[in-house]
Amino acid sequence: MGVPNNSDLASSVLRQNVDDFLTELDGKPLQAVEAAHEHHAHSGHSDHHGAEHHMMKMWFHGGYEEVILFEFWRISTPLGLLLSCLAIFIMGIAYEALKWSRVHLQTRLTRSVTPVNRRSALQFLLPGLYVIQLVLAYWLMLIAMTYNYYLTAAVVLGGGVGHWIFAIVDPTQSAADELAADSCH
Amino acid sequence: MSRTRFSFDFWTVNTAGEMVYSCFILLFLAIGLEALKWARWRAEQHWDGKLPETYIGRLFHHAHLVQVLLFFIQITLGYLLMLAFMTFSIWVGLAIAIGSGIGFYFFGSRPVLPNRSRPGEECCG
């Protein structure tokens, strides 16, 4: 079974490697197990994408190592986190601005006395605005799905501040109306 | 049953009993969300026509600030329920759906005030 001193060396190296591996794993046991459990479906999917295989923690965590929405939007520093939170905050405000301006325009279209079959720019603009609103809404939802405390807080705060600024621009427009809301708002 | 986590690392479910307990919590949270939307609507009805004329006046009026706070809680709760639904556990999904249904049953109907407009509707219809 080989030369005694070589196999001793090999087995001690092996033991060292195993110890190192176990120590590394020791720091984060639950994540590895949980992520493996909950994402075995996903890993089958993304394996052909190459070496990229990050573990997703499906519970709220802090920290500044995240990938947000897109491959290129990666943060790994506190500054990156801060700037991302700022951008997301602005996205939240923009979403509310878009929602209320669309509602306002829609009401104006309905209240106008022109016949319905006359083409006005609004009739094409409004569905377009709605699509942009939907895209923003889904992006904000996906950011909340990073389960990062700070990023989710930025989403919710952006929505709240946006609502504060834009919901009472038109006082005759119902702010609590279901029609102006969508699934998460 | 495998271990499930609900959004927070302290909220793990290991037994069937814990799952039932968690589902009841989520059910009541879903009812609470509908109740919150209803409360916002009632508050708005109460203040209808009584808000200041100027935008800045409305911006800082306490009625609007209360609405914003309630809205903030509403979207937080909405996102949390979405994330709980994303655990893909059928019992959780059922609990949230049933809770939303019960909430809508009790808190869902909205008679329209005469001087309020809803987008897409004629003003006197």
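Any value given below was found using the heavy atoms of this structure, including those in side chains, with hydrogens, waters and symmetry copies removed.
Of all the heavy atoms in A/Val156 and B/Ile75, the pair that sits closest is O-CD1, 3.5 Å. Between B/Leu59 and A/Ile165, the shortest heavy-atom distance links the atoms CD1-CA, 4.0 Å. When all heavy atoms of B/Tyr79 and A/Ala144 are compared, the closest pair comes out as CD2-CB, 3.8 Å.
Within the 4.5 angstrom heavy-atom criterion, no atom of A/Leu105 approaches chain B. Using a 4.5 Å cut-off between heavy atoms, A/Val169 contacts chain B through both its backbone and its side chain. Looking at B/Leu80, only its side chain comes within 4.5 Å of chain A, counting heavy atoms on both sides.
Annotation: B/Phe88, atom CZ; neighbour count of heavy atoms from other residues, nucleotides and ligands within 6.0 Å does not exceed 12. Crowding of A/Tyr130 atom OH: a count of heavy atoms from other residues, nucleotides or ligands under 6.0 Å not exceeding 12. Counting non-hydrogen atoms of neighbouring residues, nucleotides and ligands closer than 6.0 angstrom, the OH atom of A/Tyr149 exceeds 12 such neighbours. Residue B/Trp11 qualifies as enclosed at atom CH2: its count of foreign heavy atoms under 6.0 Å is above 12. Within a 6.0 Å radius of CZ in A/Phe166, other residues, nucleotides and ligands contribute more than 12 heavy atoms.
If you take CE on A/Met141 and CE on B/Met82, they are separated by 5.5 Å, rounding to the nearest 0.5 Å. With rounding to the nearest 0.5 angstrom, the NE2 atom of A/His163 is 6.5 Å from the CD atom of B/Gln67.
Residue with the most contacts toward chain A among B/Leu77, B/Val68, B/Ile73, B/Leu83: B/Leu83 (heavy-atom pairs, distance under 4.5 Å).
Linking ILVMFWY residues whenever their side-chain heavy atoms come closer than 4.5 Å, directly or via other members, leaves A/Leu86 and A/Val155 in distinct clusters. Grouping the Ile, Leu, Val, Met, Phe, Trp and Tyr side chains by contacts below 4.5 angstrom, directly or via other members, places A/Leu142 with A/Tyr95.
Side chain of B/His64 to main chain of A/Trp164: a donor-acceptor pair is present (N/O by atom type, distance under 3.5 Å, no hydrogens or angles).
Using the six-membered ring where Trp is involved, A/Phe60 and B/Phe8 have ring planes that are tilted, between 30° and 60° apart.
Listed by chain and number, the residues in a ring pair (Phe, Tyr, Trp, His ring centres under 6.0 Å) with B/His46 amount to none (sequence neighbours excluded).
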